[in-house]
Amino acid sequence: MKKIEAIIKPFKLEDVKDALAEAGITGMTVSDVKGYGRQQGHNELYRGAEYVVDFIPKVKIELIVAGEDVDSTVELIVDAAKTGKIGDGKIFVSPIEKIIRIRTGESDEDAI
Amino acid sequence: MKKIEAIIKPFKLEDVKDALAEAGITGMTVSDVKGYGRQQGHNELYRGAEYVVDFIPKVKIELIVAGEDVDSTVELIVDAAKTGKIGDGKIFVSPIEKIIRIRTGESDEDAI
Amino acid sequence: MKKIEAIIKPFKLEDVKDALAEAGITGMTVSDVKGYGRQQGHNELYRGAEYVVDFIPKVKIELIVAGEDVDSTVELIVDAAKTGKIGDGKIFVSPIEKIIRIRTGESDEDAI
Amino acid sequence: MTPEVSYVIDTFFAIFSFVLIIFMVPGFAMLEAGLVRTKNVTAVLMMNTAIYAIASMSFLLVGYSIAFGDFGSDHMSKWAAFLFQMAFVGKVINIMSGGVSERARIFPLALFAIIMSALIYPTVVNWSWGSDMLKDTFLDLNMYDLAGSTVIHSTGGWALLAAILIIGARKGRYTPTGGIRVIPASNVPLVTLGAFLLWIGWFGFNGGSVGSISSKESADAVALTIMNTNTAGLAGAITVGIMMYIRYKKLDITMILNGALGGLVSITAGPDLYNIYQPILIGAIGGMLVVFAVPFFDKLRLDDPVGALSVHLVNGIWGTLAVGIFASNPAEGITLLGQIKGIVVIGVFAFVSSYIVLFAINKIIPLKLTTDEQMEGLDVNECGLEAYPEFKRAF
Amino acid sequence: MTPEVSYVIDTFFAIFSFVLIIFMVPGFAMLEAGLVRTKNVTAVLMMNTAIYAIASMSFLLVGYSIAFGDFGSDHMSKWAAFLFQMAFVGKVINIMSGGVSERARIFPLALFAIIMSALIYPTVVNWSWGSDMLKDTFLDLNMYDLAGSTVIHSTGGWALLAAILIIGARKGRYTPTGGIRVIPASNVPLVTLGAFLLWIGWFGFNGGSVGSISSKESADAVALTIMNTNTAGLAGAITVGIMMYIRYKKLDITMILNGALGGLVSITAGPDLYNIYQPILIGAIGGMLVVFAVPFFDKLRLDDPVGALSVHLVNGIWGTLAVGIFASNPAEGITLLGQIKGIVVIGVFAFVSSYIVLFAINKIIPLKLTTDEQMEGLDVNECGLEAYPEFKRAF
Amino acid sequence: MTPEVSYVIDTFFAIFSFVLIIFMVPGFAMLEAGLVRTKNVTAVLMMNTAIYAIASMSFLLVGYSIAFGDFGSDHMSKWAAFLFQMAFVGKVINIMSGGVSERARIFPLALFAIIMSALIYPTVVNWSWGSDMLKDTFLDLNMYDLAGSTVIHSTGGWALLAAILIIGARKGRYTPTGGIRVIPASNVPLVTLGAFLLWIGWFGFNGGSVGSISSKESADAVALTIMNTNTAGLAGAITVGIMMYIRYKKLDITMILNGALGGLVSITAGPDLYNIYQPILIGAIGGMLVVFAVPFFDKLRLDDPVGALSVHLVNGIWGTLAVGIFASNPAEGITLLGQIKGIVVIGVFAFVSSYIVLFAINKIIPLKLTTDEQMEGLDVNECGLEAYPEFKRAF
Ligand SMILES: Nc1ncnc2c1ncn2[C@@H]1O[C@H](COP(=O)(O)OP(=O)(O)O)[C@@H](O)[C@H]1O
Ligand SMILES: Nc1ncnc2c1ncn2[C@@H]1O[C@H](COP(=O)(O)OP(=O)(O)O)[C@@H](O)[C@H]1O
Ligand SMILES: Nc1ncnc2c1ncn2[C@@H]1O[C@H](COP(=O)(O)OP(=O)(O)O)[C@@H](O)[C@H]1O
């Protein structure tokens, strides 16, 4: 079992969710984060002083999938989240050793 | 050392925290996330148009524990967080290779 | 490739970011979390009733680096984030198996 | 002054006072929206809007005639006289609805609002200020209550007490082990804005209740009334502030603003009767009463998220008594006994009639939301939309 | 009453009315700031501020003379007469700017505001209330429109229609497959506060439009006007509330408040002409029209984030017609036909002239922000600062 | 007009003006609550509430007698005269407290508020508008200052300057390397709401300062005063808007609103003396001064989160000079020299006396919060409760 973490542009969340749902993946956890990378932040102006806001709002999707689904899922996300412009984000894959569904106590593959 | 991530219902946070504290676990990091799963979101109504809010507010607890404490801790969380109704959430366990306490520089088991 | 997660005091974010940027690390993802640990929360007062707010605002920095950069990066963060007072936070290192840059499809070390 | 000039000026002044009172509509709405949790804010705003709409309309169609007989007035435009009286109605119900926030359904409360504004409140007004159907009975009241410490504030407070007894507390407010869970205000700027809009509205409320400004004497009475009203509010705020600071070294603004409102309620029965220093004492006691009453009602497990019992019921009673204590004037029929009689008769009537009506409504349409609905929040369940959908909630 | 007393009282009353109308400036600002997404809030506030500043200044320098000839007035201070008229101007433009929120650039809209307040609106006023340059032409209007159902609300509504046709919808509002994406209000307390400030302002708007309070008759007319204004608002709110509850069992407060505003617009043409019950019907129809018009304009892909077309254009027309239907009085020149003629003549002029001006401006400085700018939000792009920078946005 | 009619109308008008000024209480509160960081919002609201309560009470008990001798007035109710004067007091202190937001303790500031409202400000009023204890001394002032460009705004500004010198800047505002860290406003809708409530309050402030409306001439003077007041605000806003747009192509609304307020302060000394075009120039210069003064004070390391020095001190001086420049009238004793003398005498007195009092208070109870307390926020440390506890803070 693997955890896929995708940092994407906020307005792409809907597209990614739809793409995943279509592929039968119905579970995911989403949080809002701020990113710092090559994409430049914007300037703000306050009472005559300009300053840079470096951190750019991003959305992080966390998704646990069975080992064999990793590649296809990653591909799906890449396709749905890509705009081709800087700041599109990254996907990280890491190992998960155990999963439990709180409601039923089921574990591992059954709990995804 | 392992990381336990638990996605739970927000109003269960207090219970889970108390259960863990009672068991002597005093460190954890909490964030608010939104979940998408089997639990249905609710309908909202705006100016005569109804629409579905799919994402449901959840709370994520992150907890680093020594390897031997994983099972007991997971059990504690399951017990405290369970309502038996859909949407109770999941627990994921993953490996952690290194821990450092910033204040003291202590590392690994000492730093938990 | 490793993921470094650092839980730090919010007002140290700027310092840590600057230290990392100086060292040539230009990518990171930041989120706001709440921590529970040895540091005591503060009392609040409402309509004549006092109560404790246990959870303390913290910032989480997530940072993927190549394996060989882990130690130096961790050190950088520790230096920049330390105040020496309780509640300075923790750093966790965990393995990452795969990275993809959404914009280009590049993967692993190239995608950091 | 010619009658026409007087007619014009009094009409204008009644309109001015009416407008000030209407600022209390957003005043109450902001105060309560700020005091409840974010998940219940839209519902509170909706209830406030519904009250203004329903109560005013019911008063127009039915209530005014019950209270005063026909539309009519000699010394000002009858429409201005109506507007001024109409502005009061919603307040009575606001007091009640605020105190049952975060767990009561809007629809049955709206039904109660109709009956309150069409029947119960007009009856109280009829006895106290209106055509007086009790005249020549042993219940005939000669309580002095210029702007409604009893007629408005206690009446609303009694209705609230009935409602809390029937509806019960918010889920999770009192723990099974006897503890009290603190549920803090979600938006303090709104609370402050609301409190000051109420305060400003009070100038119209009390000032306008003098009934005329068109002679030297009545102009003085109006100005003195507004001055004393303000002074009592100041004294209430200061007293609570000092008490908080001594006790906790912290200044809880929500309590201090409640203290100001308590002071304002307590002066409302007789602001025109006092000299310019008595309101300091009356308002200070009003503030103190709030500080003691808030935890007292919590001890009784009477869950009142906005402190309306403490502000309106307790101080409504205190304010009416204060007239008997500080401004007793048997020659003009103002006695402590007369004040007490007024408090009791109206209290019994307001409480009993509200209780019966709410009890009946509750049988047909339950007033209280289920635990799950309360957990999810009233906004989504009652209104279908959240108050701050784009703002991340800190669990 | 001596002329001096009358002069003083009418001056005072005009100032009072002016001040109430100015409460509509924060009223519109809060209403619109609450209805748009957090990323566009500062821009909306900026636009509202700009409108008040620019429109009032243009009217002072140019517009007032076009509308009324010279500064002057016999029965009250000419400066008070000016202030009261000036207070109206911004409203016309507010109606327009609100409806193109979240995608229109501030600078070119401000240019339009200058022309609207210096030329277009003053011309409309000249024809309807002012020195009447159309007199003795076949276009001469004898529409009765006390406080501007047509002159203010429809005029603003027609300008908005022109603007929406030229600017188009917000990015993402209508999906390629024909769906409509719901974009909910970001701050419901602000919406509510704004709506009630507008409501209160309306008392000055309509009450002050009677033009004098300094006789028994005019005092009655003013009081009746304010009473009827209020009643129509109540009826609009109640009607929409009932419709929502029957249809969805949910009370969408943004729609209900729009219903109240619809009722207020619909009464504005003749609040002094009706008895105290007719406004209930007129306002109720006004509310209903809002409920049907909102989805109707969406079906036409006319994207109007605040519902201004439904509230102001539709009800401006309905309110003007209502005078012809309920208060036709040929002896005094009030006829349904005269009302229709007024609606059409002013409608054609307001729409065509606005369209031409906006079209020209759009050629020079594009009115619409790019997709990327809309995505990022107007605040950062137009104002350089966010409305709530410390509040975490829930994506 | 009979004296009684005049008495009644002037009483009514003073009450009307008083009420408008009281809208400045929530006005200042919302403006400042919007400008500071979320962690300091409750403290700012608390300070504003405390000021209103304390300053008004002190003025009632002590200050009014110092300023004017006895309670008393011939041409209107003495209580109305008192209310109107009382409404001013809080403003002076508001100006000061706003500028030291986010690092000053409430309790010692409240002590200062007592002395300011009981002694310092009443003395200034005594010299300028009141019973004039300086008469026949070489300090006797004959400055013309209708509504307090100097008496209110500069006085408050000088007190603020003293306070900033003693208290110092917010932690982290100026970096050791000489940089300036921008700390943006946390809630722009509140800033806007507050600014417009202030603007509206100004109509009562300046209009009411004419002192009477009960003759043709005074009615004209009142209306002209309000018109000119408004015009100067418009000009201030427009000027700053144009400057911002030319310089940055961005419209910083907080600066533009400060420009409007600067315009309003600058007209306050003589709105009744100008023709209807002069206020455009005076207000425009007022706005410009704000744009230059804000970075200027930052260069001097005088940390003023709300821009009060720029708005009130700088423009208070400018407005008082403007009377000497544009409306000099030696026959009536209005000269540029007289204006300058007033500015200097009152400036020296206000600054020195404030400095001494604040210095003494600071020795007993430190005015400044520790770095840790500032980091954590004043709300938790001073009031015990957060302003927006359920809203997630974006670090
Ligand atoms: N090394 C990293 N570790 C964690 N997050 C990163 C890292 N590099 C980039 N990110 C995240 O990815 C986002 C996009 O990266 P950026 O360099 O701006 O553009 P691109 O994805 O097009 O290369 C960043 O905003 C940040 O959230
Ligand atoms: N595959 C997954 N990856 C990540 N998070 C998941 C996954 N499946 C579920 N979740 C999280 O768990 C929550 C609960 O899941 P849900 O399917 O609604 O109910 P249940 O836990 O009862 O099966 C979701 O809201 C989501 O946050
Ligand atoms: N076992 C743990 N798992 C996850 N997060 C932890 C753990 N222990 C501490 N933390 C995080 O680190 C923060 C600081 O820890 P704390 O015990 O307060 O002080 P210190 O870091 O000085 O030991 C906590 O607020 C929490 O967010």
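In the text below, chain A, chain B and the rest are named by the order of the sequence lines, each starting its count at 1.
A distance of 13.0 Å separates OH in A:Y46 from CD in E:E386, rounded to the nearest 0.5 Å.
Using a 4.5 Å cut-off between heavy atoms, A:K85 touches chain E through its side chain atoms alone.
Heavy atoms from other residues, nucleotides or ligands lying under 6.0 Å from CD of A:E50 number more than 12. Other residues, nucleotides and ligands contribute over 12 non-hydrogen atoms within 6.0 Å of the CZ atom of E:R301. In this structure, A:E22 places its CD atom where only 12 or fewer heavy-atom neighbours from other residues, nucleotides or ligands lie under 6.0 Å away. When the shell of 6.0 Å around NZ of A:K17 is examined, it contains more than 12 heavy atoms from other residues, nucleotides or ligands.
Annotation: residues 359-379 of chain E contacts chain A through E:D372, E:M375, E:E376 [non-hydrogen atoms, separation under 4.5 Å].
In terms of heavy atoms, A:L45 sits closest to E:L385 at O-CB, 3.6 Å.
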